[in-house]
**Q** 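Below is one structure. I have some questions about it.
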Amino acid sequence: MSLLDRHRAVLPDWVALYYRDPIELVRGEGRHVWDAGGRRYLDFFGGILTTMTAHALPEVTKAVSEQAARIVHSSTLYLNRPMVELAERIAALSGIPDARVFFTTSGTEANDTALLLATAHRGGNQILAMRNSYHGRSFSAVSLTGNRAWSPTSLSPLQTLYVHGGVRTRGPYAQLTDAGFIAACVADLEDLLGHTRAPAALIAEPIQGVGGFTSPPDGLYAAFREVLNRHGVLWISDEVQTGWGRTGDHFWGWQAHAAAGPPDLLTFAKGIGNGMSIGGVVGPARIMNSLDAHSISTFGGSPVTMAAGLANLTHLLENDLPGNARRVGGLLIERLRAIAGGVPAVREVRGRGLMIGIELVRPGTDEADPEATATVLEAAREGGLLIGRGGGHNTSVLRIAPPLSLTIAEAEEGAGVLEQALRTL
Ligand code: PMP
C-alpha cells in the first residue's frame, strides 16, 4: 500500500491533503524542501506560516538537540529556565505593561486560554468575533469561526456575535472609502452593543489568515477600541499568523492600529517555535491572574520547545528578519501586482510583508473560483514552488507566506513560477 493509501485508511477524511498527488516532505534547508522522490521545491508556505526563519536553522537544531540531551520534560511543577527566559523576552516585546505570559502547545489552546481568562475576568460568555475569522479547532475556538469552510458545528460554550470589518473588499461596506468603511463598522459595533449584555471580549486577527489574508483599513481596531473601552469589553489580538514581524511594517499586527495601544490579551503560536509546538497568551497581570483555580498545560513551555523558541527569536532579531520581510515582501507584492495585471482571473493582490494573498474569481465577475485556485496550486508545484490556499469565499485565495529570511533572488524565482502558473488559467 502506498503511504497515501495508508494515510487515507487510518486518518479521518477531514484531514485534507494538498495536491492531486500529495507529497511527502522529508527534508528542508533554508527556504527549500525536498520530497521523498528527491524533488526540490521553493517553500512559500512554511508549513502554514510556521517555519518562520528557515528550515533546519542551525541555531535551532543545536538548541533543540542540546536541550534534549540534558532533559526533555519536567512540567510546570518545577522551575524551568528556558521558559522563564522566553517569557521575559516575549513580555518585553509585547508592548503590554506588567505583562505575564502563559505557554501552551498550539494556537488553538492559546486562544482557548485567552477566552477562559476574558470570560473569567469579565464574568460572561458572550464574545465578539469577526466574520471570516479563524481561531483554532477546539470546541470553544471553533465556535468563534466566522468561516463556514472551517466550522463543523455551531454548538458552543460561548455565545458568539459577529461584527463587520475583517474583509475590506467584500460585504455591505466594500464600496465605501476607508474612512467610511471604518465609520460603518464602528456604527455596527455600537449598534450591536446596544442590543446585548456587554460581551467579555472582541477577538480578531489583525490580518485574517485562513480567511485569505484579508484585513480592514489601518486604524479600524483603534476605532473599535474606543467603543470597547466605553463598554468595558476586552480586546484580544490573535497574532498566531501576524506576529514576529511577518507583516514587515510592524512586529505585531495590532500595531497597524497603534493609536489603540496594545491589546488586553495577545495570543501567539506558529512561527515562534519554527516548527516546535509553542503557543501562548500574554496580557497584564490584572487579567492574567484572573483565574481562581489551578490551571496548567502539561506540555506547555516544555524545555525543548522553549530552547528552540529562544534560539529562533534571537536569530530573527539579530538578523532583522522583520526588516527583510518588509523589503523583500514589498518587492514581491509589487512584482505579483504587475503579473496579476495581465491575468483577468485575479481579483485582488493584497497583504503586507511576507503575507500576500492573490484572490481568484471567474473573469469579469466577483464569483470565487476554487477550481482555478486548485489549478494554480498544482501548476506552481509542477514548477517547483509550494504555496497555500485560503479564503472565506470557497477558498479561492492563493496564500504566499515564505520564511522571513527569503532572499530577493528567491522572491524573483518564486514570482516567475507563479507567473507561469497563473498563465495556465
Ligand atoms: N489562530 C489563527 C489566526 C490561526 O491561523 C490558527 C491556525 N491556522 C490558529 C489560531 C490555531 O492554531 P493551531 O493550529 O496551532 O491550533
Side-chain angles (χ1 to χ4, degrees), residues 12 14-16 18 45-52 102-118 127-147 149-152 158 160 165-167 201-216 221 235-244 246-247 250 252-254 256 263 265-282 297 299-302 305 308-309 312 351-357 387-392 395 397 399-401:
W14 38 264
V15 182
Y18 272 175
F45 206 38
I48 323 179
L49 293 87
T50 298
T51 303
M52 173 171 76
F102 180 75
F103 288 109
T104 67
T105 56
S106 68
T108 297
E109 200 196 343
N111 284 328
D112 255 25
T113 308
L115 295 167
L116 180 66
L117 286 162
I127 297 287
L128 301 168
M130 309 304 290
R131 290 177 165 94
N132 198 45
S133 57
Y134 181 82
H135 298 287
R137 61 162 304 282
S138 66
F139 192 51
S140 54
V142 96
S143 75
L144 303 172
T145 299
N147 179 336
W150 292 92
S151 181
L158 303 165
T160 305
V167 182
L202 166 81
I203 184 165
E205 305 152 83
I207 300 175
Q208 294 181 327
V210 172
F213 293 176
T214 59
S215 59
Y221 292 112
W235 174 32
I236 304 169
S237 188
D238 177 341
E239 302 273 357
V240 167
Q241 296 211 11
T242 48
W244 318 107
R246 173 161 295 280
T247 66
H250 310 104
W252 303 111
W254 68 259
L265 293 168
L266 180 157
T267 59
F268 58 85
K270 290 202 192 277
I272 182 64
N274 214 34
M276 297 301 283
S277 55
I278 305 177
V281 51
V282 49
S297 169
F299 294 121
S302 92
T305 64
N312 195 37
R352 66 204 316 167
L354 285 171
M355 194 168 178
I356 302 172
I387 56 173
R389 66 185 295 186
T395 60
V397 180
R399 286 198 288 164
I400 293 152

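Below, all heavy atoms of this structure are taken into account, side chains as well, without hydrogens, waters or symmetry copies. Atoms within a ligand are numbered from 1 in the order they appear, just like the ligands themselves.
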**Q** For Ser138 and Glu109, which I'm curious about, is there any donor-acceptor pair between the side chains at under 3.5 Å?
**A** no
**Q** Contact residues of ligand 1 with a heavy-atom cut-off of under 4.0 Å?
**A** Ser106, Gly107, Thr108, Asn111, Tyr134, His135, Gly136, Glu205, Val210, Asp238, Val240, Gln241, Lys270
**Q** After noting the C-alpha distance and the side-chain angles of Tyr18 and Arg389, does the key distance pass the side chain to side chain contact (heavy atoms under 4.5 Å, CB included) rule?
**A** CA-CA 9 Å; Tyr18 272 175; Arg389 66 185 295 186; 3.7 Å; yes
**Q** Rounded to the nearest 0.5 Å, what separates atom OG1 in Thr104 from atom CG in Asp112?
**A** 9.0 Å
**Q** Within the side chain of Asn132, is there an N or O that forms a donor-acceptor pair under 3.5 Å with the backbone of Gly211?
**A** yes
**Q** Please enumerate all residues that pass ring-ring contact (aromatic ring centres under 6.0 Å, His included) together with Phe103, with sequence neighbours excluded.
**A** none
**Q** Can you tell me if CD1 on Ile48 sees more than 12 non-hydrogen neighbours from other groups inside 6.0 Å?
**A** no
